[in-house]
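For reference, the structure discussed in these notes is given below.
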Amino acid sequence: MSHSYSGLSRVLVVVAAALVSSSSLCPQAWGPSGVQYGQLGKSVMLCCPGVNAGTPVSWFRDGDSGMLQGPDAGLGNELVLVGADSSDEGTYICRTLDGALEGMVNLKLGYPPARPVVSCQAAAYENFSCTWRSSQVSGLPTRYFTSYRKKNAPEAANSQSEGSSTGPWPCPQEPPGATRCVVHGAEFWSKYRINVTEVNPLGASTRLLDVSLQNILRPDPPQGLQVESVPGYPRRLRASWTYPASWPRQPHFLLKFRLQYRPAQHPVWSMVEPTGLEEVITDAVAGLSHTVRVSARDFLDAGTWSAWSPEVWGTPSTGPLTKIPVEDQLPMQPRETEDQVDSPAPPRPSVQPDPQPFDHRDPLEQVAVLASLGIFSFLGLAAGALALGLW
Ligand SMILES: *[C@@H]1O[C@H](CO)[C@@H](O)[C@H](O)[C@H]1NC(C)=O
Ligand SMILES: *[C@@H]1O[C@H](CO)[C@@H](O)[C@H](O)[C@H]1NC(C)=O
């Protein structure tokens, strides 16, 4: 039953195809010669190579003597397969009536291109790259054409032509054939329209994506993170790191950082935002190993934070002070050792003072001292005035 239906529809399509069929030569093959392509589930037309359009031919499957379509089908040098499925893939032979000319075609089936999925990323402010993947497997040889246009920053463009854009320029695929292309020398304030067009023998499909460097900027994580103890300071750790190698150092484009740390087995991170390339943690838990990590972001908050650097472990110093700087030679207060012992509380940055001698006085503390001095002198004056009055 399904056979007779299929046969009937084949005949109908053959008639329709005969009406539409033009007398052009075989379309230029895409990809390797001798291969023709069709869409799974749709009608597929094969063209007998080397035979003029309109010349009747017979069609055979390779290795099968049964004729698929006779020369009287009225289709000239073409073969029509209705509702092609994967069993129709393979080699076909076509032959003119006199047998003088014979052609061979390899049929491959798949799907037309679908709009690719594109995303762009920038690890620094000079170049950015876009990567893509197909949104539907076509099963056919596929190429991607990648280009971009630039929409100039308002101040750079002529005041009249608000939407002035330039290009398109190719976005070179690096390395060739990779699913990635790079826009070199991008401008920080410009907008770019990326065109990634997926092309296969059955057609083309374009994805356009608008990007600006400011939005996609995501630095690589800082590098070279080191965590060192500070001799004589059982609650200090000094962390230092460097800029990621991919970030060109220029005075106008700086990175800022954030640093996280926690003692072993403690689930919650403490965080500080260091201004430079080093930070002294002052509330580490004495005697415990700590893990530290750091991430980076554009100094003016463009884009997003980098991924975290690999974690590095460090344990505060337990040994005595080897060499005491002059300003640190203040006597230890007895309370502090006990404080270190019975403080299982999680570290809170900048809340608990370092129990070690101060390197420098907290400005807030200085203000407090000045204020209390002021109050005292006021009270003294008042008392003096009172005594004078009484007298
Ligand atoms: C940007 O691309 C240029 C080549 O055009 C290259 O010399 C430079 O190193 C790249 N910059 C970064 C940060 O990768
Ligand atoms: C995108 O690129 C394709 C291939 O280069 C091109 O044919 C198409 O016109 C482009 N589309 C736009 C909107 O620029």
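Every number for a ligand or one of its atoms is a count from 1 in the order of the listing. As the structure is a prediction and not an experimental result, all values here were calculated from the model. Along the sequence shown, residues carry numbers from 1.
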> With backbone taken as N, CA, C and O and side chain as the heavy atoms from C-beta onward, which portion of Ser246 lies under 4.0 Å from ligand 1: side chain, backbone, both, or neither?
Replying inline: backbone

> Would you find more than 12 non-hydrogen atoms of other residues, nucleotides or ligands less than 6.0 Å from Lys108 atom NZ?
Replying inline: no

> Considering only heavy atoms of Asn127, which atoms of ligand 1 have at least one such atom less than 4.0 Å away?
Replying inline: 1 (C), 2 (O), 3 (C), 8 (C), 10 (C), 11 (N), 12 (C), 14 (O)

>> Suppose we call two aromatic rings close when their centres sit under 6.0 Å apart. Are Phe188 and Phe128 close by that rule?
In response: no

> In the protein, what heavy atom is nearest to atom 4 (C) of ligand 2, and what distance, to one decimal place, separates them?
Replying inline: Thr197 OG1, 3.7 Å

>> What protein heavy atom lies closest to atom 13 (C) of ligand 2? Include the residue and the distance to one decimal.
In response: Leu208 CD1, 3.8 Å

> So is Arg61 actually on top of Tyr92's ring, under 6.0 Å and inside 45° of the axis?
Replying inline: yes

> How close does the nearest protein non-hydrogen atom get to atom 5 (O) of ligand 1, and which residue and atom is it?
Replying inline: His184 ND1, 3.0 Å

> Think Arg258 forms a cation-pi with Trp305, using NZ or CZ under 6.0 Å from the six-ring centre and within 45 degrees of its axis?
Replying inline: yes

> Considering only protein heavy atoms, which is closest to atom 10 (C) of ligand 2, and at what distance to one decimal place?
Replying inline: Asn195 ND2, 2.4 Å

>> Tell me whether atom 7 (O) of ligand 1 lies less than 4.0 Å from at least one protein heavy-atom position.
In response: no

>> Quick one, Val105 and Leu79 - any side-chain contact, counting heavy atoms below 4.5 Å?
In response: no

> Once you find the SG atom in Cys130 and the one in Cys120, is the distance between them below 2.5 Å?
Replying inline: yes

